[in-house]
Number of protein chains: 2
Amino acid sequence: MNGNKVKVDCCEVNIIHEDIVKKVRENMPDEDLLYDMADFFRVFGDSTRVKILHVLFQSEMCVCDIAALLNMNQSAISHQLRVLKGARLVKNRREGKVVYYSLDDEHVKQIFDQAMAHLKHK
Amino acid sequence: MNGNKVKVDCCEVNIIHEDIVKKVRENMPDEDLLYDMADFFRVFGDSTRVKILHVLFQSEMCVCDIAALLNMNQSAISHQLRVLKGARLVKNRREGKVVYYSLDDEHVKQIFDQAMAHLKHK
DNA sequence: TGAACATATGAACATATATTCACATGTTCA
DNA sequence: TGAACATGTGAATATATGTTCATATGTTCA
């Protein structure tokens, strides 16, 4: 008896295993948290930002040095640093005209390592 | 003497700290690997996929149950499961007409936990 | 075999997003 | 103060991506 088929009002989807669905639904995290997680990961989902983070793993750096290193113009880097800062992944400090960026998170490295492990494993 | 200013040919960016840039450049991972990392993270950067993964943390599930659980149509879920499978994050097995999906990775949970820690920390 | 059902998939559409360009802001130093 | 320089940012553009719709595929069972 693992569940009758039931029409859901909104979108004509059959539920085959009603008991499992009910159980899982009760244990789902808060909707907002799931959105925040997706937003957080989206920040890593761009190669320019991944490169910037890798650079900052190695050394604090100013904007124009990063731009030169990645062969991109300063504006593009600045835009992406803004995104990274918005996600609280980097912080910056000003020294005269130069702004230095560095990592502002203790989890990023571990997340990267896990991802690396995944990519290299299979 | 930490570096003369040098014009880079391609995009008019000044290098302020030539020594640091040189050092970091030598230690950068392979270009392809960085692209793969971004691709990998991009998979997590969508709330539907995040939800699906959370569902599968709790239980193996068939497509239509996931669709009902997330209040989305079957097609959307199927498309996203394809993406997740392409990233080798989920696997599936067929049992008659029903296809069951489950996690196919030991790193995802840890990556999610790190992300959660980041989001909750500050 | 053919109807019913679960899932997969191509095309179309709407939306999101990265980069570039032009220019604004803020700092130093003569 | 004004020139030079490093960085920030709004607008525009091109591209990528998620969802829907319609339909195809594959399975079961009468």
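Residue numbering restarts at 1 for every chain, and letters A, B, ... go by the order of the sequence lines.
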State the pairing partner of D:dA30; accept Watson-Crick or G-U wobble contacts with both distances under 3.5 Å, and report none otherwise.
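With both distances under 3.5 Å, D:dA30 matches C:dT1.
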Any strand counts, and the cut-off is 3.5 Å on both contacts for Watson-Crick or G-U wobble. Which nucleotide pairs with D:dT19?
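With both distances under 3.5 Å, D:dT19 matches C:dA12.
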Is any N or O donor-acceptor pair between the side chain of A:Ser75 and the base of D:dT9 shorter than 3.5 Å?
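In this structure, the two groups form a donor-acceptor pair.
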Locate the shortest heavy-atom distance separating A:Asp65 from B:Ile16; write the atom from each residue and the value.
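The answer is OD1-N, 2.8 Å.
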Counting the atoms with a prime plus P, OP1 and OP2 as sugar-phosphate, which does B:Tyr101 contact under 4.0 Å by heavy atoms, base, sugar-phosphate, or nothing?
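Sugar-phosphate contact only.
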In whole Å, I'd like the distance from the [atom1] atom of [X] to the [atom2] atom of [N].
X: A:Leu70; N: C:dT20; atom1: CG; atom2: P; value: 12 Å
X: B:Ile77; N: C:dT7; atom1: CD1; atom2: P; value: 11 Å
X: A:Gln80; N: C:dT17; atom1: CD; atom2: P; value: 11 Å
X: A:Asn73; N: C:dA18; atom1: CG; atom2: P; value: 15 Å
X: B:Ile15; N: D:dA6; atom1: CD1; atom2: C1'; value: 15 Å
X: B:Lys85; N: C:dA8; atom1: NZ; atom2: P; value: 8 Å
X: A:Leu84; N: D:dT7; atom1: CG; atom2: P; value: 16 Å
X: A:His17; N: C:dT7; atom1: NE2; atom2: C1'; value: 14 Å

A:Arg82 side chain near D:dT9 phosphate (N/O to OP1/OP2, under 4.0 Å)
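So the side-chain polar atoms of A:Arg82 do come within 4.0 Å of the phosphate oxygens OP1 or OP2 of D:dT9, strictly under.
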Measuring to OP1 and OP2 of D:dT9, would you say a side-chain N or O of A:Ser78 lies under 4.0 angstrom away?
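No, outside the criterion.
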Taking A:His118 for its side chain and B:Ala87 for its backbone only, find out whether a donor-acceptor pair lies under 3.5 Å.
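Yes; at least one donor-acceptor contact below 3.5 Å.
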Tell me whether the ring of A:His79 lies stacked over the C:dT19 base, given a 5.5 Å limit on centroids and a 30° limit on the plane angle.
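It does not: the ring fails the test against the base of C:dT19.
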Specify the residue among B:Leu81 and A:Gly45 whose closest nucleotide of DNA chain C lies further upstream toward the 5′ end.
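Closest to the 5' end, via its nearest nucleotide, is B:Leu81.
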Upstream residue (5' side of DNA chain C) when B:Asn92 and A:Asp39 are each assigned their closest nucleotide
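So the residue in question is B:Asn92.
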Where does the angle between the aromatic ring planes of A:Phe40 and A:Phe44 fall among parallel (under 30°), tilted (30 to 60°) and perpendicular (over 60°)?
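A:Phe40 and A:Phe44: perpendicular rings.
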Let me know which of B:Gln114, B:His107, B:Gln110 forms a side-chain hydrogen bond (donor to acceptor under 3.5 Å, both in side chains) with A:Gln114.
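It is B:Gln110; the other options fail the test.
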Test salt bridge (charged side-chain N to carboxylate O under 4.0 Å, His left out) on B:Lys23 and B:Asp19 and set out the steps.
CA-CA 6 Å; B:Lys23 197 166 196 174; B:Asp19 47 351; over 6 Å; no
Evaluation steps, side chain to side chain contact (heavy atoms under 4.5 Å, CB included), between B:Val55 and A:Met28:
CA-CA 7 Å; B:Val55 165; A:Met28 283 293 281; 3.9 Å; yes
B/S/- contact track for nucleotides 23-30 of chain D, protein heavy atom under 4.0 Å
---BBS--
Please determine whether the number of non-hydrogen atoms from other residues, nucleotides or ligands lying under 6.0 Å from atom NZ of B:Lys91 exceeds 12.
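Above 12, so yes.
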